Amino acid sequence: IAGITQAPTSQILAAGRRMTLRCTQDMRHNAMYWYRQDLGLGLRLIHYSNTAGTTGKGEVPDGYSVSRANTDDFPLTLASAVPSQTSVYFCASSLTGVDSPLHFGNGTRLTVT
Amino acid sequence: GENVEQHPSTLSVQEGDSAVIKCTYSDSASNYFPWYKQELGKRPQLIIDIRSNVGEKKDQRIAVTLNKTAKHFSLHITETQPEDSAVYFCAASSKTGNQFYFGTGTSLTVIP
């Protein structure tokens, strides 16, 4: 079934550790996004990529990095996790960017202790 | 950048009644306005969208209206059912901003 796959589903991480959240899509969408969702704050954009080989910063990029080596994969890395990064992380993709709808993955629930 | 405000934050209606959720945006260049429904513990899913060259769009019990002059758009759900209970998010996007901007969500509860 076509869609977006995120891994892991959930993770408990000690502060200071490095962590990569994985995201893969098989819809050949050009644009991909990482959002974090916190209660009362909605969905906030961390980083995005309009096409393979390019990335951009969103609203809350500090402490996170991304890469887009190919169309399908868009990993999100926390270099040194902090408790404020405890959140639910959603990867999303869209066919052509901001004029086509977002398709979301199932999310990764991350707890930093 | 764009600022999207969404109201109300919570909404309770009796089954069969209508529900209306309103959003305002600030960037006059915004031209695409999707709405997402998120059930508890699940991912957001698109339920309807509207583009700036259209004033209204309807899909069965769901409709969206857009007033470009006033910079606001609304989601209307008629004949609500318990399965409509969820959090609803509005969003706005423009190519100049190069990203989607989300409202903070409305938690809708439909009381049987």
Side-chain angles (χ1 to χ4, degrees), chain A residues 1-7 9-10 21 23 25 27 29-51 54-61 66 68 74 87-109, chain B residues 1-10 21 23-27 29-54 57 59 62 64 66 75 86-107:
Chain A
I1 297 177
I4 298 181
T5 303
Q6 288 186 239
T9 303
S10 64
L21 307 186
C23 176
Q25 54 106 357
M27 297 178 284
H29 283 179
N30 286 319
M32 297 187 75
Y33 308 82
W34 275 105
Y35 289 90
R36 60 177 290 172
Q37 185 173 36
D38 303 289
L39 194 63
L41 296 176
L43 292 153
R44 294 184 293 167
L45 182 66
I46 304 171
H47 285 288
Y48 66 92
S49 169
N50 286 329
T51 189
T54 69
T55 63
K57 293 182 179 181
E59 184 183 352
V60 288
V66 292
R68 186 90 183 276
F74 191 43
S87 187
V88 179
Y89 292 86
F90 285 100
C91 180
S93 70
S94 67
L95 180 61
T96 57
V98 294
D99 57 359
S100 56
L102 288 170
H103 297 257
F104 286 88
N106 286 327
T108 294
R109 182 174 295 276
Chain B
E2 174 71 280
N3 181 41
V4 176
E5 295 190 357
Q6 183 172 347
H7 299 281
S9 56
T10 60
I21 302 170
C23 289
T24 61
Y25 62 98
S26 60
D27 186 355
S30 290
N31 57 2
Y32 177 57
F33 307 90
W35 285 87
Y36 293 87
K37 175 184 180 181
Q38 186 177 27
E39 297 176 353
L40 190 62
K42 303 225 176 140
R43 60 183 166 177
Q45 292 193 291
L46 178 78
I47 54 171
I48 196 167
D49 57 7
I50 192 167
R51 300 187 186 274
S52 58
N53 59 347
V54 176
K57 184 177 178 181
D59 183 3
I62 294 173
V64 57
L66 171 64
L75 178 71
V87 177
Y88 292 80
F89 292 96
C90 64
S93 72
S94 72
K95 291 200 171 181
T96 54
N98 209 26
Q99 60 180 278
F100 291 89
Y101 297 88
F102 282 85
T104 50
T106 296
S107 178

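Here is the naming used below: chain letters follow the sequence lines, and residue numbers restart at 1 for every chain. Just so it is clear, the model here is predicted, and its values are computed rather than measured.
Two residues are said to be in side-chain contact when any heavy atoms from C-beta on lie closer than 4.5 Å; Leu102(A) and Tyr36(B) meet this criterion.
More than 12 heavy-atom neighbours from other residues, nucleotides or ligands sit within 6.0 angstrom of CZ on Arg44(A).
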Apply side-chain contact (heavy atoms from CB on, under 4.5 Å) to the pair Phe89(B) and Gln37(A), showing each step before the final yes or no.
CA-CA 12 Å; Phe89(B) 292 96; Gln37(A) 185 173 36; 3.3 Å; yes
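Residue Leu46(B) holds its CG atom at 11.5 Å from OG of Ser94(A), rounded to the nearest 0.5 Å. Interatomic distance, Asp99(A) CG to Phe100(B) CZ, rounded to the nearest 0.5 Å: 7.5 Å.
In plain terms, the two heavy atoms of Phe90(A) and Lys42(B) that are nearest each other are CZ-O, 3.9 Å.
Between chain A and the options Gly103(B), Pro44(B), Ser93(B), heavy-atom pairs under 4.5 Å are most frequent for Pro44(B). The most heavy-atom pairs under 4.5 Å with chain B, out of Gly105(A), Gly42(A), Pro101(A), Gly107(A), come from Pro101(A). Residue with the most contacts toward chain A among Arg43(B), Gln38(B), Gln6(B): Arg43(B) (heavy-atom pairs, distance under 4.5 Å).
Contact annotation for Leu45(A): only side-chain heavy atoms (C-beta onward) come within less than 4.5 Å of a heavy atom of chain B. The contact between Phe104(A) and chain B is made by backbone and side chain atoms together, counting heavy-atom distances below 4.5 Å.
Side chain to side chain, Gln99(B) and Glu59(A) fail the donor-acceptor criterion of an N or O pair below 3.5 Å.
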